[in-house]
Visitor: 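One structure is given below, represented as structure tokens, and several questions about it will come after.
Numbers here are sequence positions counted from 1. Counting starts at 1 for both ligands and their atoms, in listed order.
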Amino acid sequence: MVLSSAPPDAPARADRLVHRISELRRARNAVILAHNYQLPEVQDVADLVGDSLFLSREAARTAADVIVFCGVHFMAETAAILSPGRTVLLPDLEAGCSLAETITAEQLRLWKAEHPGAVVVSYVNTSAEVKAESDYCCTSSNAAAVVRGIPEDREILFCPDMFLGAHVERVTGRRMHVWMGECHVHAGIDAAALQATRRSHPDAELLVHPECGCTSSTLYRVGEGDLPGPACVVSSTEGMVRRAAESPARTFIVATEVGILHRMRQQSPDKTFLPAAESAVCPYMKRITLEKVARALERLEPRVTVPEAIAARARRALDRMVEITG
Ligand code: 13P
Ligand code: SF4
């Protein structure tokens, strides 16, 4: 006998919710944006699914009155900063980010005071207050390009992700001061387990997010020929999805949050996608459910707003990122 925890009318209930969300989306003139780590059913109801950079750009250019951000708090804040006239809804305000919490604006101010004249590059996974204290923002898809755009003779403070910082140093050859923050989900993806999976699937291509603690050791082992097989690609979530569709490989080991597997499998049903760690689940991303999306559209709550004095300074850092990387 197979025991299921889902109530027998669950599919019908999900259909009703999807229908209700579609009605409300029209009535509110809303757009639903979802990050690649969202639950499959939330990705499927969204108008657009993508990585942080793509979603920020879409939030900036949308003609909708309401943006329902199915992601985490710093992403909704970024949308509010880039789309000041719009109502930005985050269906659950508890959807935070352990990485963004590793640095506060006060800590950044103290760090800047220790390095007068240094250029501050902040990953988009930061609060609006931290962005306001920064010269440039970056995402995982453009961090190296942003750093390359900074004159060689300038000292750089990079925050908050130490693994992304190390990756940027590796690909640009620049030395930076890097904040020692990490994302608990990506830091938990174990290098030994990833490499063991590759050994048992030698034809599999490795797709690795630069927030992973295992990136450097895996690249090193691939470079040494210790993990023979197809390429190891380090990329943002969007780059990973694109690569999975375009690569000639048939099997992929995916080192990031497992929500991304849904899109990869939808795009390439004939390929095999293996998670590097089944346990790589972001509890914040998973707080967003269809029920909460429908409720947010009904009530136009919970809203995410950023005081204009902070938004104006944070926008400068985001605009500079766009000037460098387009
Ligand atoms: P991406 O910008 O690659 O989508 O990453 C965002 C994120 O939160 C990764 O954990
Ligand atoms: Fe933050 Fe990590 Fe979750 Fe991304 S996966 S939102 S960095 S806690």
Side-chain angles (χ1 to χ4, degrees), residues 33-39 42-43 46 48-59 69-79 82 90-103 121-127 130-131 136-146 159-165 167-168 171 179-189 207-215 233-244 254-264 275-288 304 318 321-322 325:
L33 305 181
H35 187 267
N36 288 319
Y37 297 161
Q38 289 290 294
L39 290 168
V42 174
Q43 294 190 33
L48 296 163
V49 183
D51 70 357
S52 306
L53 182 63
F54 172 77
L55 296 176
S56 319
R57 285 192 176 130
E58 291 303 320
F69 212 111
C70 301
V72 294
H73 195 268
F74 75 82
M75 296 180 179
E77 270 190 342
T78 305
L82 294 173
L90 179 63
D92 186 331
L93 285 181
E94 298 294 312
C97 170
S98 61
L99 173 57
E101 277 166 24
T102 62
I103 188 162
V121 181
S122 290
Y123 191 29
V124 71
N125 297 41
T126 45
S127 67
V130 167
K131 290 185 179 74
Y136 293 90
C137 274
C138 70
T139 71
S140 57
S141 52
N142 62 19
V146 167
C159 72
D161 190 77
M162 60 176 159
F163 299 118
L164 177 63
H167 178 66
V168 170
V171 297
W179 191 258
M180 298 304 277
E182 63 176 26
C183 151
H184 74 290
V185 180
H186 286 88
I189 298 177
L207 301 176
V208 182
H209 195 277
E211 281 176 26
C212 288
C214 57
T215 313
V233 176
V234 180
S235 170
S236 74
T237 56
E238 200 58 26
M240 294 167 93
V241 170
R242 204 170 34 244
R243 175 72 195 172
V254 183
T256 192
E257 210 273 352
V258 294
I260 199 170
L261 299 169
H262 177 62
R263 240 185 108 197
M264 289 175 167
E278 295 273 7
S279 57
V281 178
C282 175
Y284 305 107
M285 288 280 179
K286 285 359 185 204
R287 292 193 71 89
I288 311 296
V304 171
L318 286 159
M321 163 180 92
V322 176
T325 62

Visitor: Is there a heavy atom of Asn36 sitting under 4.0 angstrom from any atom of ligand 1?
Guide: no
Visitor: Where is the tightest heavy-atom contact between Ser140 and Pro210, given as atom of each residue plus distance?
Guide: CB-CG, 3.9 Å
Visitor: Compute the minimum heavy-atom distance from Met240 to ligand 1 and say whether it is under 4.0 Å.
Guide: no
Visitor: Examine ligand 1 and decide if any of its atoms is less than 4.0 Å from a heavy atom belonging to Glu257.
Guide: no
Visitor: Need the ligand 1 atom indices (1-based, order shown) with element for anything under 4.0 Å from a heavy-atom of His186.
Guide: 10 (O)
Visitor: Any N/O/S atom of His184 sitting less than 2.8 Å from atom 3 (Fe) of ligand 2, backbone or side chain?
Guide: no
Visitor: Should Pro160 and Tyr123 count as side-chain neighbours, where that means a heavy-atom distance under 4.5 Å?
Guide: yes
Visitor: Would you confirm whether Trp179, through its side chain, and Ser122, through its main-chain N or O, come within 3.5 Å as a donor-acceptor pair?
Guide: no
Visitor: Given Met321, which partner from the list Thr139, Val124, Val121 fulfils the side chain to side chain contact (heavy atoms under 4.5 Å, CB included) test?
Guide: Thr139
Visitor: Counting only nitrogen or oxygen atoms and a 3.5 angstrom limit, does Asn125 reach ligand 1?
Guide: yes
Visitor: Please report whether ligand 1 has a polar contact with Ser140, defined as an N or O pair separated by less than 3.5 Å (distance criterion only).
Guide: yes
Visitor: Mark up the atoms of ligand 1 that fall under 4.0 Å of a heavy atom belonging to His35, in ascending order.
Guide: 1 (P), 4 (O), 5 (O), 6 (C)
Visitor: In the protein, what heavy atom is nearest to atom 1 (Fe) of ligand 2, and what distance, to one decimal place, separates them?
Guide: Cys97 SG, 2.4 Å
Visitor: Could you tell me whether a side-chain N or O of Gln43 sits under 3.5 Å from a main-chain N or O of Asn36, the two making a donor and an acceptor?
Guide: yes
Visitor: Within the distance-only criterion (no hydrogens, no angle test), does the side chain of Lys131 pair as donor or acceptor with the backbone N or O of Thr126 below 3.5 angstrom?
Guide: yes
Visitor: Rounded to the nearest 0.5 Å, what separates atom CG in Asp51 from atom CE in Met240?
Guide: 11.5 Å
Visitor: I need the nearest protein heavy-atom contact for atom 5 (O) of ligand 1: residue, atom name and distance, please.
Guide: His209 NE2, 3.4 Å
Visitor: Please tell me if the side chains of His73 and Cys97 come closer than 4.5 Å, counting only heavy atoms from C-beta onward.
Guide: no
Visitor: Can you name the one residue among Gln38, His186, His35, Lys286 that meets side chain to side chain donor-acceptor pair (under 3.5 Å) with Glu257?
Guide: Lys286
Visitor: In terms of residue, atom name and distance, what is the protein heavy atom nearest to atom 10 (O) of ligand 1?
Guide: Glu211 OE1, 3.0 Å
Visitor: Closer than 4.0 Å to some heavy atom of Tyr37 - which atoms of ligand 1 meet that?
Guide: 7 (C), 9 (C), 10 (O)
Visitor: From atom 6 (C) of ligand 1, work out which of Ser98, Ser236, Gly50, Ser52 has a heavy atom at the shortest distance.
Guide: Ser52
Visitor: So Asn125 and Glu211, do their side chains get closer than 4.5 Å, heavy atoms only?
Guide: yes
Visitor: Can you tell me if His35 contacts ligand 2 (heavy atom of the residue under 4.0 Å from the ligand)?
Guide: no
Visitor: When you look for heavy atoms under 4.0 Å from ligand 1, do you find them on the side chain of Thr139, its backbone, both, or neither?
Guide: neither
Visitor: List every atom of ligand 2 that sits less than 4.0 Å from any heavy atom of Asn125, numbering the atoms from 1 in the order shown and giving each element.
Guide: 7 (S)
Visitor: Using side-chain hydrogen bond (donor to acceptor under 3.5 Å, both in side chains), reason through Tyr37 and Thr256 one step at a time and then give a plain yes or no.
Guide: CA-CA 9 Å; Tyr37 297 161; Thr256 192; 2.7 Å; yes
Visitor: Tell me the protein heavy atom at minimum distance from atom 4 (Fe) of ligand 2, and give that distance in Å.
Guide: Tyr37 CE1, 4.0 Å
Visitor: Among all protein non-hydrogen atoms, which one is nearest to atom 3 (Fe) of ligand 2, and what is the separation to 0.1 Å?
Guide: Cys282 SG, 2.4 Å
Visitor: Show which atoms of ligand 2 fall inside a sub-4.0 Å distance from at least one heavy-atom site of Ser98.
Guide: 8 (S)
Visitor: Locate the shortest heavy-atom distance separating Val168 from Ala143; write the atom from each residue and the value.
Guide: CG2-CB, 3.6 Å
Visitor: When you measure from atom 2 (Fe) of ligand 2 to the N, O or S atoms of Cys183, does any of those distances fall below 2.8 Å?
Guide: yes
